[in-house]
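Keep in mind that what you see is a predicted model, and the values were worked out from it rather than measured. All heavy atoms count here, side chains included; hydrogens, waters and symmetry mates do not.
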Amino acid sequence: MELSKNYTPKEVENKWNEAWKAGGYFNSTPDDRPAYTVVIPPPNVTGVLHMGHTLNETVQDILVRRARMKGFNACWVPGSDHASIATEAKVVAMLREKGIDKNALTREDFLKHAFEWKEKYGGIIYHQIEKLGCSVDWNRVTFTMDKEYYSAVIKVFTDLYRKGMIYRGARMIHWDPEAQTALSDEEVEYKDGEGTLYHIRYAIADAAGNPLVTPAKGEGEIIIATQRPETIMGDTAICVHPDDERYAHLKGAFAVIPLINRRIPIIFDEYVDMAFGTGALKVTPAHDINDYNLGLKHNLEIVDTLNADGTLSEAATIYVGEDRFAARKKIVAELREKGLIVKEENYATRLGYSQRTGALVEPRISTQWFLKMKELAAPALEAVVEGAIAIHPGDRFLATYKYWLENVKDWCISRQLWWGQQIPAWYDSKGNCVVAENEAAAYALYQQQFGTAEILTQDADVLDTWFSSWLWPMEVFKGISNPGNADVNYYYPTAVLVTGQDIIFFWVARMIMAGLAYNTEKPLEQAIPFRDVYFTGMVRDKLGRKMSKQLGNSPDLLQLIDEYGADAVRFGIMISSPAGNDLLFDTASLEQGRFFNNKMWNALKLVKMWEQKLSADLPEQDSFATEWFASRLNEARLQVDKLISEFRLSEALKVIYSLIWDDFCSWYLEWVKPAYEQPVAAAVFYKTVNFFSELLQLLHPFMPFITEEINSIIGNRTPLCIKTLPPDAVADTTRLAEGELLKQVITAVRDARVRNQLKPKQEIAVFLQTDDSDVYKNITNVWARQVNATSIVPVHEPVANCLNIVSGRDRLYIQAETPVDMAAQKQQLEKDLEYQRGFLISVEKKLGNERFVQNARPEVVAIERKKKADAEAKISAIEETLAQLDLDQK
RNA sequence: GGGAGCAUAGCUCAGUUGGUUCAGAGCAUCUGCCUUACAAGCAGAGGGUCCGCGGUUCGAGCCCGUGUGCUCCCACCA
């Protein structure tokens, strides 16, 4: 078989994706093996995978593939989220482009469009997941609006309603005027911004509405500061601090709203900060959460001057129908013109924006459905605090998690949208309400409760997307719609949840709540939705900026795969991804992955070449190299095991990378490589193929395609993805130490060659002066070959006219035809000597310190003694060598 | 306003019970090589007051205090 010069990912990746699918290797059904379950954090159905997803999916795939190779029945469930607001916004925009107004459509027609849209674009993410090599079970794809999933959500709603945990009520909520729906507190993102603080005059009047004093003196007015002059028509009071001397005379007085001349009371409350602005606050209960609370306390009237779409309502009486921002400009202009603005100042502020549409959020009073959170939060907190669920990395998020749960507020779960699970509440004409799982049940219930038959209409609202996704780990196995079924019994709880730290409240905490609320009959360890939570960092560009459409720094995943190959993308993103920290994405690391592919491809070519010239009779010359590498492999395997169990995947990959590139390719293969055109001993060849196979297996979870390909080319029949990892074995520490010594002396001689311009092809003779020739016994042959030495001869005396090297505590003499550069050698040796002497002094100082010798642990003292002996030996070796150089020079 | 985290080589980061073979890795840099697996490579090298200051200790990159500079989360005073 002819192998191409370089590795070509594209065909290989397609080929293996097909083969894996055909083999059904990633499809899981319950059996007698232990389960290892992962549910994908469902991406938005109409979205595309960005680099954050790519990181998360890669991490999950590594864990899942590794578990599968460890003998678990691994099951990774793919799926997507209907993402109510985001998707509905996209569908509305698409319809608008076609000239269709959503409000002109019936609910049914709109949903038809939405499902069409979902069919058209929903496949993109699945295609990307497959391209990336994710070993998901495609038989288990779940969508949060699937029929059964839908009914599970409804079931949970009605259940919680019956338990008294869900209620409906008028509250101040965050309103998204663009999507025209309520938002939960978590869906609001605050951003710093620059605002203007307007100081506006309000005239003062007595109870009858007459001015208190002459306005000309400037005393008949009260000045308030506001950022939102367009809301003054909604003012229902002016509030000042009771201790504020400036306003003490205004008890019982009234103020008059400018422009509309409506009279409002002046009230007194300690809530007001006397030092801020003028110390007088306009109170607008309909449009500010604090004012709302103040209004409740003082029994103030509520005047809602905004419509749902953010335009001014009839109640505003002026500028009705104008958009809130346009109205602000006009009102400011009018106030200014009438001399009612005293001052305008720039003001740093923070404003809330809708996470889904980006619109500036309005506080708004409206009737919504809420879920009581206190009861749900307590066990969810306990599960994490008591360690049933472990958050990685470390406990960094424990404090945040705890704080949120301890201060959690009721969850606003209704949304004024059509795309989502419609709230199963039915009303009669008087507003009486029944909640039931379907219309028929609702009618029956109504009849039972009210004793009459009436026409009922269903609540128009749908549920918050997270109210469906919090059931995800259960309902992907039908754990809600069909509790106790074989699948959910086998796969639940899942092993690990891999997700971004930004959705810890939206999703992670709520899944824990749902899991505990719907598995009350089980012990805690069985009720939790997952045992571990692994938070990946945020993917940024190489300058540390967030990835965004505006900056254009968010690469297209498929394009990257096309350019570098999926393995290289996975490698690049994992190698630069320290556990838990943000990741600075740079295509340079993808390139490194591509180079790594090639490196392995070339190792494959070498090994395949050997296969052509096998010699069955040739004995293995010496077994050192194979014995050493076997030990090295065992050692690395243990490291990888430990690192992966600690979710330190980036470091595990680095260990494997270095094991393959440095230890296998640079050292081992060179050590066993036959001379030019010489045959290879069959024994060595087969051992090498085994080593290679094991390396590929170790790397496979990280880079599944190329490993699978090479594994098959070197003759393994079983696909890597289902090949069980061999049990860990103990490494031979003697071999490992010999290997390190060998690397050291090879490098020492090569370094001497470079420094003295001895070409690699130039033959040399090496003499070794050592007290311990035993440690060199096994490695001398390889050593000589690797440095192109005709011989390595032990000596007891210095050899004249040679290159002098000190390696460890031993001395090497290199004999070559080229004359040696004495001065350069001397300089190097003297530098060494200086360092060693300094080192010795520090060790001696320590050992000379009685308190150290007495207090430190005995093994620490012993180590110091050994350091001292080594340093002394090395120093004398260097000194003798320097003396020899002087002799040579004479 | 409240809380959390970070600061180690030019860059990105390891450094897990405090012990100068512990100051490391990858990338980048420099030097020499087209050596029949690999120039997408090989061989070799250089590079750091471990943010400043103080303390604990026989001993501090590691522990404590403090200052500085970044990052994030929460709360949302007009």
Run the ring pair (Phe, Tyr, Trp, His ring centres under 6.0 Å) test on A:F571 and A:Y564 for me, step by step, so that the C-alpha distance in whole Å, both residues' side-chain angles and the decisive distance to 0.1 Å come before the verdict. CA-CA 10 Å; A:F571 175 94; A:Y564 296 92; over 10 Å; no
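- Side-chain contact check for A:Y271 and A:N293: no donor-acceptor pair (N or O, by modelled atom type) lies under 3.5 Å.
- Minimum atom distance to the side chain of A:S666 is reached by B:C42, of the listed B:U71, B:U16, B:C42.
- Near RNA chain B, defined here as any heavy-atom distance below 4.0 Å, the residues from residues 667-680 of chain A are A:E670, A:K673, A:Y676, listed numerically.
- The distance from atom NZ of A:K546 to atom C1' of B:C72 is 9 Å, rounded to the nearest whole Å.
- At a threshold of 4.0 angstrom between heavy atoms, the contacts of A:Y7 with the nucleic acid are absent.
- One can place CG of A:L583 at 11 Å from C1' of B:C13, the figure rounded to the nearest angstrom.
- Ring geometry for A:F692 versus A:F664: interplanar angle of 30 to 60°, hence tilted.
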Protein proximity profile, nucleotides 19-31 of chain B - base contact B, sugar-phosphate-only contact S, no contact -, cut-off 4.0 Å on heavy atoms: BSB----SS----
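- Electrostatic pairing of A:D663 and A:K743 counts as a salt bridge here, judged by a charged N lying under 4.0 Å from a carboxylate O.
- Salt-bridge annotation for A:D751 and A:R755: present, with a side-chain N of the basic residue lying under 4.0 Å from a carboxylate O of the acidic one.
- No side-chain N or O of A:T284 forms a donor-acceptor pair with one of A:D288 less than 3.5 Å apart.
- In this model, the phosphate group of B:G44 is approached by a side-chain N or O of A:T747 to a distance below 4.0 Å at OP1 or OP2.
- Where pairing requires Watson-Crick or G-U contacts shorter than 3.5 Å, the helical stems of RNA chain B with at least three consecutive pairs are B:1-7 with B:68-74, B:10-13 with B:24-27, B:29-33 with B:41-45, B:51-55 with B:63-67.
- Applying the 3.5 Å distance criterion, the base of B:C38 shares a donor-acceptor pair with the side chain of A:K599.
- The distance between atom CZ of A:F691 and atom P of B:A37, rounded to the nearest whole Å, is 20 Å.
- Regarding A:R545, its CZ atom lies at a distance of 19 Å from the P atom of B:C70, rounded to whole Å.
- Salt-bridge check for A:R364 with A:E362: failed, with every basic side-chain N at 4.0 Å or more from each acidic carboxylate O.
- Side-chain proximity of A:K409 to B:U71, B:A78, B:C76: nearest is B:C76.
- Residue A:Q227 has its side chain nearest to B:A78 when only B:A45, B:A78, B:C76 are considered.
- Nucleotide B:A78 holds its P atom 9 Å from the CG atom of A:L351, rounded to whole Å.
- Atoms CD (A:Q501) and P (B:A4) sit 17 Å apart, rounded to a whole Å.
- The residue A:Y403 sits close only to the backbone: its heavy atoms come under 4.0 Å of sugar-phosphate atoms, none of a base.
- Side-chain proximity of A:T349 to B:A78, B:C77, B:A14: nearest is B:A78.
- Counting only heavy atoms from C-beta outward, the side chains of A:L699 and A:F702 approach each other to under 4.5 Å.
- Atom CZ in A:R648 sits roughly 8 Å away from atom P in B:A14 (whole-Å rounding).
- Across all strands, A:C665 comes closer than 4.0 Å to base atoms (heavy-atom distances).
- Within 4.0 Å (heavy atoms only), A:D291 reaches no atom of the nucleic acid at all.
- Within the nucleic acid shown, A:W661 comes within 4.0 Å of sugar-phosphate atoms alone, with no base atom in reach, counting heavy atoms only.
- Distance A:Y401 OH to B:A4 C1': 18 Å, rounded to the nearest Å.
- At B:G44, one or more side-chain N or O atoms of A:R750 fall inside 4.0 Å of OP1 or OP2 (strictly under the cut-off).
- Cation-pi geometry between A:K191 and A:Y353 is satisfied (NZ or CZ under 6.0 Å from the ring centre, within 45° of the ring normal).
- The A:D751 side chain lies nearest to B:G44 when the options are B:A78, B:C38, B:G44.
- Within 4.0 Å of A:V607, counting heavy atoms only, lies no atom of the nucleic acid at all.
- Ion pair A:E864/A:K868 not flagged as a salt bridge, since none of the NZ, NE, NH1 or NH2 atoms sits closer than 4.0 Å to an Asp/Glu carboxylate oxygen.
- Counting heavy atoms of neighbouring residues, nucleotides and ligands inside a 6.0 Å radius, atom NZ of A:K759 does not exceed 12 of them.
- Backbone-only engagement by A:N290 is indicated by non-hydrogen atom pairs under 4.0 Å involving sugar-phosphate atoms exclusively.
- If you check every strand for non-hydrogen atoms under 4.0 Å, A:S576 touches nothing.
- Nearest nucleotide to the A:L584 side chain, out of B:A43, B:U12, B:C76: B:U12.
- Under 3.5 Å, the side chains of A:T278 and A:H199 contain no donor-acceptor pair of N or O atoms.
- Checking A:A748 against A:R594, the closest nucleotide of RNA chain B that is more toward the 5' end is the one next to A:R594.
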